[in-house]
Every structure is written in C-alpha cells, then in structure tokens.
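Heavy-atom basis, side chains included; hydrogens, waters and symmetry copies ignored. A, B, ... follow the sequence lines: proteins, then strands. Residue 1 opens every chain.
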Number of protein chains: 2
Amino acid sequence: MWTDNQGAEPGAERPGSARRRATIHDVARLAGVSRQTVSRAVNDKGEIDPATKERVLEAARLLDYRPSRFARGLVQKGAVTAGLVIPDLRNPFFPEVAAGVLEAAEQRGWQVVVWDSRIDEARERQALDVLSHQADAVVGYFKGPDDVLTRHLGGVPLVLLERGPQQTRFAAVGIDAATGVEQGMNHLFRAGHRRIGMLDGVHGPGPRRLAFLEQARRLGLPVDEDWVVVCPEHSVAGGEAGMERLLAARPEITAVFGFNDLIAVGAMRTARRRGRSVPDDLAVLGFDGLSLGELVDPALTTLHIDKRRLGRLAVEQVARLRAGEEPLRGADAWVVPELVIRASA
Amino acid sequence: MWTDNQGAEPGAERPGSARRRATIHDVARLAGVSRQTVSRAVNDKGEIDPATKERVLEAARLLDYRPSRFARGLVQKGAVTAGLVIPDLRNPFFPEVAAGVLEAAEQRGWQVVVWDSRIDEARERQALDVLSHQADAVVGYFKGPDDVLTRHLGGVPLVLLERGPQQTRFAAVGIDAATGVEQGMNHLFRAGHRRIGMLDGVHGPGPRRLAFLEQARRLGLPVDEDWVVVCPEHSVAGGEAGMERLLAARPEITAVFGFNDLIAVGAMRTARRRGRSVPDDLAVLGFDGLSLGELVDPALTTLHIDKRRLGRLAVEQVARLRAGEEPLRGADAWVVPELVIRASA
DNA sequence: CGGTGGCTCGTGAACGTTCACGTGAGCGTT
DNA sequence: AACGCTCACGTGAACGTTCACGAGCCACCG
C-alpha cells in the first residue's frame, strides 16, 4: 500500500519510524558496498578488509539490521527445529522429560519449540497445527487418537510419549508399566498387604490400571474395578480428592497404588487427615520417582522412571524417522521403572 | 555433486532413496498442475476443484512433500519466534516462569524455543549464538555482563529475567526483593527472632542479600557478612550443605532466611538432622512460593512470587521492544513477593 | 447473440540470503 | 615487461514459497 520512494531519491530514509525491517540491500547501499560484502562482515568470514568490515557493521547497527532467518534457512540447509508438546509444565515430571529432550536436541544441534497443551485436547490440536507448519518433527504427549493427529500433522514426523506399540501406529517411546507395577505389587504383597486399592489418573483402562488389575489377579487379591478410583486431576489435590472417595468406598484397604507421585502424595495427606498413619495403617506407593518424593514425610516409596532418558529416547526416535530408518519398536523404546523403597510402603 | 537428471527425463524419480526433499515443483509436475494449484491444495484455500485438490494431495503424499517453512516465512511475514533461556529445568521455579512465557506467547501467536543453560555460562553464550540467528527476540536468565551478552546477541532484542534496572541496560523484569525481604524480616522479628542467618544462593552481594543486610541493620540485629553462607547450588542438597556450615559458624541463630524454597527446605532437613526442631528451635523462611513448600513438614513459610506473571511480563516487554516502544522500567516491571505464613516460621 | 460473471487454473515477480564464480588492483618474481 | 598470485570485492543465480494478476472456460441473462 505505502508505495513510497517513488523516485528512489537517495537519503529518503526515515530512520526512527516504524517502517519495514532493513535488509542486506539497505546496509549495502548505506555502507557503499555490495550485499556479499555485507554478508561477509556480519558472518565474519574472511576475505574482507577490517576497515570496510567495521564500516559495514556500523551501517548495520545504524539501520538496526538483522538477517532474516528465513532467507538464511532457505539457502543454507541444516537447521532442524523440533516441536515438543507437554501436557502440564506444573507437574514436575514433565519438565524433567523436557530437560532430556532439550539435552539430546542440543547435542544434535537442534532447536526445540515447546508448547504447553495444558491437558486440553483443543490446544493439543492447535499445537499440532502450528508446529506442523514450523517444525521438522514433533514429539509430545497427545490424548487424541491416531487419525486426529494425522489430520493435524500434515505429514510431519511424530513421536508419541508414553504410548505402547499397540496403542498407536506412530513411533513412540513408552514406559514399561507392566514391569513397574509388578515390582510394586510384589513389594506390597511381600509386606503383607492383601487389600490394595488404586488411585488412577485416567478414565479409560490405561496400561497402569490394566497392569494393576492383572497383578492383583495374579496375587489372588480381592480386587475388581471398584477398587480403582479415578482422580480428577494429576496433582496432589487430585490425589487428595481421589483418596477421599477410595477410603469411603473401600475403607478396608491397607495399601494404595498411586498413578503418579503427586497423586500418591495427595493420598498420604488425605490418609493422615483421616486418621490413618502412613505406612503403619496404610501403605502408599507412587509411580514416577519425583525428587519431591524424598522431601515429604514419610518419604514416598515409588517406581522411579528415568525421565531424562525418556526424553532423550524420544529425540533418538525423531532422528531415526528423519534418517528414514525404522524407529525403535521393542524394549529399546521403553523405559523400565525401578522400585525405590523409602518409608511410605 | 550429484548432477543427475542431466536429460531431464520424465519419470526419473527414485522415490524411496534418500534424495533431496520434494518441493512444490515436484508435486506440481507429478500432479500435472502448476505450483499455485499445489499451494491452493495444501493450504486449502478456495478456488480449486475438489477433484484436482485430491489428486494434488495424493501426489504430495506420494512424494512425502512438506512445504519449506523458510520459503513460507520469507514471503508471508508475521511468524514470531522468541527464545527462552532457563538456567535449570529441575528447579520447579523455572518451569513455572516458562509456563507464563509460553502462555503469553501463545496468546500472541508466537512460538518459543526453549534452551536449558544448566547454569553454565558457556552454554548461556552458546544459546545466545544460536538464538540470535533463529529467534526474533530472547528472554531469559543470564549471568554474563551486558557487554558479553551484547556481543553474542547480534542486535536481537533481549529481556532479562530477575534483573533490576541498575543491574543492566537491557530491558528486564525483576522481583522486588527489597519489599519481599522486608516483609519476611518483619515477620521473623515480630515472632521474637533476633539472631537471623541467611543461606544465600549466589556469591556476589545480590539483591536478596543486600536487602537482608539492610533489614537486619534496620532492625538492629547483630548481623554481618559471616551470618550469610552461600550454598553450593540452588537445590535442597545445596541448602542442606549450606545449613551445615551456617550452623557450625553461628550456632546461636534462631531463624534462617533462605535464598529460595529449595534451599530453605534443605535447611529444614539439616536443622532436624542436627536435632533442632522447626519452627520451635529454629524458624525457616523461604523465598519463591513453590507448591512444594506446602507438602513438606512443617509447611514452609515463604515469600510467594507470582512466577507465571513474571513470565507474562517478560513477554510483554518483548512486545514493547518489538513495537519500538520504551520497555517498562519502574514498578510495572516488578513482581512483588507476598508473605505466605505457614508452619516453618 | 453478445455481454457479464463466476470458477478454475497458470505465470511472472518478489521475499532476503548465501554460493559459486568472476574481476580488477596491487605486488612480487623471473 | 610479462606473468602469476593473493586479496578485496562484486555479480548473477538459486533456494521454495506465496501474491497479484490474468486467462480460459462455461453458463446464464437480457
């Protein structure tokens, strides 16, 4: 619209005004050199006289010139940007996974743009819409089914976090819930517990709940679906609320298996508020291995997950996808939880 | 180097091989349409026959075509990418700040690429080197002085987190440490404490330590520099170690002011291990307001900071910088801590 | 039957950089 | 004096996409 400069009069610059960003041409003109020389100066390559270099840099400073990352990226390939979608940055679990992703990405020279979906499926899709345009690959937590993801993905490679191979066609990195839960249930069983409830975090029968039910069957425990309560959210408050309901429905329980550490901590708080001392009256077992678990009283027994490794593995999967290789599918794409016995169970 | 297609024979594609990425031209040729039509199909604009659109999309799928974000960005302006540099994702404080940044950025339609500097000045500079090339602005925590930052910034706007105006020429968002510390010290003083130590987190005399010393003077407390111990790191372990030293140097203290909540929690643990009960024998005051503080026993009294707001403010500063406006300088760019009294003090 | 308008599609240009060359000046060597 | 080499710098092309415009086609209306 603003077709100014119609005569191309020299010196017609209005420096302070909110005009378009200066380009390499503008700098070249102001410094009285060619584009290439400007390029040499700002990228400090050789083949340039120190004096002219200084002159060019001065001109660039004057015009507040910054090279366009788009024009640059267009001509010199190799800049990789990955997207990372995290459900909730306030749950300490996820920043740790993110740290693993960031670390592995940094090693490869990649950048990571992070998106906090805040456990909202709409925002999840929105993240995909944006990242599919701006990233070369996406890794993250998604609740939506494969076909929805595909639709919003536009062909960008995707690596799912915490999904098993039977749950998705996409490449994924998972947690070996079965093995973890088995360890935990064995521990509770050996400690004499026979009436064990579960505070789940998701509504459907996810891997952790399925594993829990299977282990309960294996150990001959009197457990069915109503020993499982779903917490309203993955947080301490959610665990507190869930525990209230579990205690009301099944007051006879002597142990509780938490979907994650936050929920387990909430369970401990409710138990104590209800007059049950942990671990004597009620044992509590977590799942995650947050460092938070060491700080609460009693310290939380939990199934520790190497979260950084989870993140690093995800980046490795992305690398495979990009290289056209087959992604890891079996146990190589799993992280196996490790039982950490502290005071709560 | 691989100058194939020297005759431009049609159908000379080798689909499965690791060749260069397909461009819009390739898709156009395969589908027998023009570039523009391909563009219309993949961006689903109007002005295209549904049948040809499907044909084009099929061709795109076949060639695994994805539009170049660089070429796109070059022609259609408006995609803003900000860089966020965080010192330590494992400290729960920072993910929360990041959440604020991400939230505000999302509202503006910006993306955020996150970098974890892991408290390493070299990595800090490295982050700047990359982000100055790939981001339109940078916000974050930096230890380096202004001139070092400038050198690695290449003209990209920068907003510093937790720096006061007297500490930098850059735009910044700070925490009103003076007001916060004053509240905290008043609280301790009113509770009868006269011998108060500090567990600092940084070596130089930062705002929190200066405010602490000033308040101590104001209240007439017998406090000088050796009542202040610097913890080796900003973590529970760091607080434990620092508290050991403080207790050894000044066993007469009745209260401790922690640089942040993690350090304060560490102080509580060491105090208890040393046989001092909190808060009866020793009061502990934190600074941050992590949700973690509610979970430890006794619950941590602390100066709560609205971390999300801090992050949102930082994004607002970036927006001002980009618009050519003056950044907020005074109290508008501060977050004022709020004393939250719980059990530990 | 000519004009008008709506679809569908194609063509050059532009976006801002870097790359691969090319060029000319200056200087030393034989 | 002719040649060759190095240094400093400039010139066209290319990167892959979208935008503005224009063209062809068919149908409908007066």
**OP:** To the nearest 10°, let me know how far the axis at one end of the helix from C:dC1-D:dG30 to C:dT30-D:dA1 is tilted from the axis at the other, five pairs an end.
**Re:** 50°
Original post:
Any sub-3.5 Å donor-acceptor pair from A:Gln317's side-chain atoms to A:Val173's backbone N or O?
Top reply: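 No, A:Gln317 side chain to A:Val173 backbone: no donor-acceptor pair under 3.5 Å.
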**OP:** Ignoring hydrogens and angles, tell me if any N or O in the side chain of A:Asp120 forms a donor-acceptor pair with the backbone of A:Ser117 under 3.5 Å.
**Re:**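 Answer holds: no.
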Subject >> Contact letters for nucleotides 6-18 of chain C, in which S counts primed atoms plus P, OP1 and OP2 and B counts the base, heavy atoms under 4.0 Å >> reply: --BBBBBB-BBBB
Original post:
So, for B:Phe142 and B:Phe170, is the gap between ring centers shorter than 6.0 Å?
Top reply: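 Centroid distance B:Phe142-B:Phe170: not below 6.0 Å, so no.
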Subject >> Sequence-distant partners of B:Arg55, side-chain contact (heavy atoms from CB on, under 4.5 Å), two or more places apart >> reply: B:Val33, B:Thr52
Subject >> Results of salt bridge (Lys or Arg N to Asp or Glu O under 4.0 Å) for B:Arg125 - residues two or more places apart only >> reply: none
Subject >> Pairs touching residues 67-78 of chain B that satisfy side-chain hydrogen bond (donor to acceptor under 3.5 Å, both in side chains), sequence neighbours left out >> reply: A:Thr81-B:Arg69, A:Asp136-B:Arg69, B:Asn43-B:Arg72
Original post:
With A:Glu103, which residues qualify under side chain to side chain donor-acceptor pair (under 3.5 Å), at least two apart?
Top reply: A:Arg308
